[in-house]
Protein chains: 2
Amino acid sequence: MLTIGTLAKRTGTKVQTIRYYEQIGLLPEPGRSAGGQRRYGDSELDRLSFVRHARQLGFSLDAIRELLDLSDHPDKSCAEADAIARRQLKQVEQRLARLEALRTELKRMVHECSGGQTSDCRVLEVLRDHSECLTEHEEIGA
Amino acid sequence: MLTIGTLAKRTGTKVQTIRYYEQIGLLPEPGRSAGGQRRYGDSELDRLSFVRHARQLGFSLDAIRELLDLSDHPDKSCAEADAIARRQLKQVEQRLARLEALRTELKRMVHECSGGQTSDCRVLEVLRDHSECLTEHEEIGA
DNA sequence: TTTACACCCTCTAGCTACTGTAGGTTCAAG
DNA sequence: CTTGAACCTACAGTAGCTAGAGGGTGTAAA
């Protein structure tokens with residue numbers, strides 16, 4: 001049996017985060033010691049590892065909820081899990097494209113700055129005048 | 001003189017966002033009509049455009065505050081603005097690197113999924129077992 | 001002039017995914 | 001039996017907005 005602190009260390013999660021996952025129903029309520037402290041077994045360790053890994057891959061908590069549900073029903077079709085992963089991949093690719101455009105623009109700003117006074121700073125100038133941008137970047141970059 | 005709605009349209013900002021920027025001190029308090037409605041001039045339009053453009057390039061509101069301050073003092077050295085932009089560029093490049101690793105992993109998951117039952121779904125399997133990952137991705141992908 | 005209606009006002013709460021703090025209790029070692 | 005780390009609950013705060021309630025303003029047509 002693991003305490004919450006041990007579980008946290010093993011999974012690289014903060015203690016509060018574990019309690020938060022329990023609160024929002026992502027992890028089941030665990031057993032308790034006589035004094036009321038949480039005690040975890042291996043299934044909870046696996047489940048939390050799954051969650052953390054999915055988070056590292058950028059899945060939202062809602063997506064993870066779905067994935068966990070699929071994982072709990074081995075007889076269901078794999079198609080849904082596949083769709084979720086494809087959706088996530090698509091999102092990542094969109095973000096990559098946006099970030100690449102941002103990098104281009106930022107590089108140009110930084111390169112053109114000659115280091116004088118702010119009155120003729122390229123960085124500030126570009127920010128003032130969108131028409132100086134070569135790329136489109138309507139969406140916020142993140 | 002512009003109403004808040006017109007300013008919003010011109011800058012591609014939501015009305016509430018403009019009020020929010022005012023509230024956190026990013027935009028100055030504007031003049032008001034007799035009935036108490038906000039009225040804006042060209043300087044506010046320029047300032048808000050600057051803010052939105054910087055947001056599109058991914059600068060944080062704190063960074064934007066600094067950039068605005070520099071922009072208000074044309075005699076200051078450009079070095080600070082340059083440093084802020086370089087910091088932002090570095091952040092973007094770090095995110096790009098992380099996202100590229102995520103894309104690799106997600107692509108692999110999706111490609112290997114054969115479309116059967118969840119019991120042998122590669123997507124879920126990879127999530128269950130971190131050791132199946134080829135790349136490191138300790139930080140959350142965003 | 002009155003009435004309609006889009007727009008504006010303030011205030012408060014909600015979103016994601018946590019993180020931190022306060023004030024108190026439990027556990028295990030010595 | 002005492003000490004001190006680790007645990008408990010409950011609530012507030014983070015970024016950067018966004019949405020809603022409940023009401024007031026501005027303007028143009030009838």
Side-chain angles (χ1 to χ4, degrees), chain A residues 1-27 29-40 44 48 50-68 87-88 91 95 98 138-142, chain B residues 1-27 29-40 44 48 50-68 87-88 91 95 98 138-142:
Chain A
M1 283 299 186
L2 308 170
T3 65
I4 197 170
T6 313
L7 182 66
K9 251 174 229 157
R10 292 255 195 112
T11 56
T13 315
K14 304 226 165 164
V15 166
Q16 291 103 313
T17 305
I18 298 175
R19 289 199 278 248
Y20 169 70
Y21 286 163
E22 179 186 328
Q23 193 190 306
I24 62 168
L26 208 57
L27 297 179
E29 290 186 24
R32 300 273 181 152
S33 72
Q37 299 193 352
R38 291 171 180 80
R39 292 292 182 262
Y40 297 93
E44 280 103 331
L48 181 54
F50 184 105
V51 171
R52 294 309 289 175
H53 194 187
R55 284 296 296 135
Q56 285 167 1
L57 288 167
F59 288 92
S60 71
L61 293 182
D62 268 357
I64 293 171
R65 219 184 283 271
E66 291 182 69
L67 288 167
L68 278 169
R87 212 162 59 209
Q88 177 62 17
Q91 262 183 34
R95 275 200 236 157
R98 271 189 272 139
E138 294 311 319
E139 301 270 317
I140 274 174
Chain B
M1 283 300 186
L2 308 170
T3 65
I4 197 170
T6 313
L7 182 66
K9 250 174 231 160
R10 291 257 195 109
T11 56
T13 315
K14 304 225 165 165
V15 166
Q16 292 102 312
T17 305
I18 297 175
R19 290 199 278 249
Y20 170 71
Y21 286 164
E22 179 186 327
Q23 192 188 306
I24 62 168
L26 208 58
L27 296 180
E29 291 186 23
R32 301 273 180 151
S33 72
Q37 300 192 353
R38 290 170 179 82
R39 292 293 180 263
Y40 297 93
E44 280 104 331
L48 180 54
F50 184 106
V51 171
R52 294 309 291 174
H53 193 187
R55 285 297 296 137
Q56 285 168 1
L57 288 166
F59 289 92
S60 71
L61 293 181
D62 269 357
I64 293 171
R65 221 185 281 273
E66 290 182 69
L67 289 167
L68 279 169
R87 212 163 59 210
Q88 178 61 18
Q91 263 183 33
R95 272 200 240 159
R98 270 189 273 139
E138 294 312 317
E139 302 269 318
I140 274 174

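Everything numeric in this text was worked out from a predicted model, so none of it was measured. Each chain gets a letter, A, B and so on, in the order its sequence line appears, and its residues count up from 1.
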Whole angstrom is fine here: how far is it from [atom1] in [X] over to [atom2] in [N]?
| X | N | atom1 | atom2 | result |
| --- | --- | --- | --- | --- |
| Gln23(B) | dA15(D) | CD | P | 13 Å |
| Tyr20(B) | dA15(D) | OH | C1' | 6 Å |
| Met1(A) | dA6(D) | CE | P | 21 Å |
| Arg39(B) | dC7(C) | CZ | P | 13 Å |
| Leu27(A) | dC18(C) | CG | P | 11 Å |
| Leu61(A) | dT19(C) | CG | P | 11 Å |
| Ile24(A) | dG14(C) | CD1 | P | 17 Å |

Practice task
Measure from the side chain of Arg55(B), starting at C-beta and using heavy atoms only, and say which of dC18(C), dC17(D), dC8(D) lies closest.
Solution key: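 For Arg55(B), the side-chain atoms sit closest to dC17(D).
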Handout entry: From dC17(D), dC8(D), dC8(C), nucleotide with atom closest to Gln37(A) side chain
Key =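 Nearest nucleotide to the side chain: dC8(D).
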Does a nitrogen or oxygen in the side chain of [X] sit under 4.0 Å from OP1 or OP2 of [N]?
| X | N | answer |
| --- | --- | --- |
| Arg52(B) | dC17(D) | yes |
| Ser33(B) | dT25(D) | no |
| Arg32(A) | dC27(C) | no |
| Arg38(B) | dC8(C) | no |

Problem - 5'-most by nearest nucleotide on DNA chain D - Gly36(A) or Asp62(B) - result: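 Nearest-nucleotide comparison on DNA chain D picks Gly36(A).
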Problem - Whichever of Phe59(B) and Gly35(B) has its nearest DNA chain D nucleotide further upstream toward 5' - result: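 Mapping each residue to its closest nucleotide by heavy atoms, the 5'-most match is Phe59(B).
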Problem - Pair Glu66(A) + Arg87(A): basic N to acidic O under 4.0 Å - result: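 Counted as a salt bridge, because a side-chain N and a carboxylate O are separated by less than 4.0 Å.
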Exercise for the section: Could you tell me whether a side-chain N or O of Gln88(B) sits under 3.5 Å from a main-chain N or O of Leu57(B), the two making a donor and an acceptor? Expected result: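 Looks like yes, one N/O pair under 3.5 Å.
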Practice task
Ignoring hydrogens and angles, tell me if any N or O in the side chain of Thr13(B) forms a donor-acceptor pair with the backbone of Thr17(B) under 3.5 Å.
Solution key: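 Judged by distance alone, no pair lies under 3.5 Å.
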When you compare the side chain of [Y] with that of [X], does any pair of heavy atoms fall below 4.5 Å?
| X | Y | answer |
| --- | --- | --- |
| Ile18(B) | Val15(B) | no |
| Ile4(B) | Arg19(B) | yes |
| Arg55(B) | Ile64(B) | yes |

Exercise for the section: Inspect the surroundings of CZ in Arg39(A) and state if more than 12 heavy atoms from other residues, nucleotides or ligands are less than 6.0 Å away. Expected result: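 Yes.
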Problem - Sugar-phosphate only, base, or nothing, as touched by Tyr21(B) at under 4.0 Å among non-hydrogen atoms - result: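 If one applies the 4.0 Å heavy-atom cut-off, Tyr21(B) turns out to touch the sugar-phosphate alone, with no base involved.
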Exercise for the section: Enumerate the residues from residues 2-19 of chain B whose closest heavy atom to DNA chain D is under 4.0 Å, giving them by residue number; use none for an empty result. Expected result: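 Output list: Lys14(B), Gln16(B), Thr17(B).
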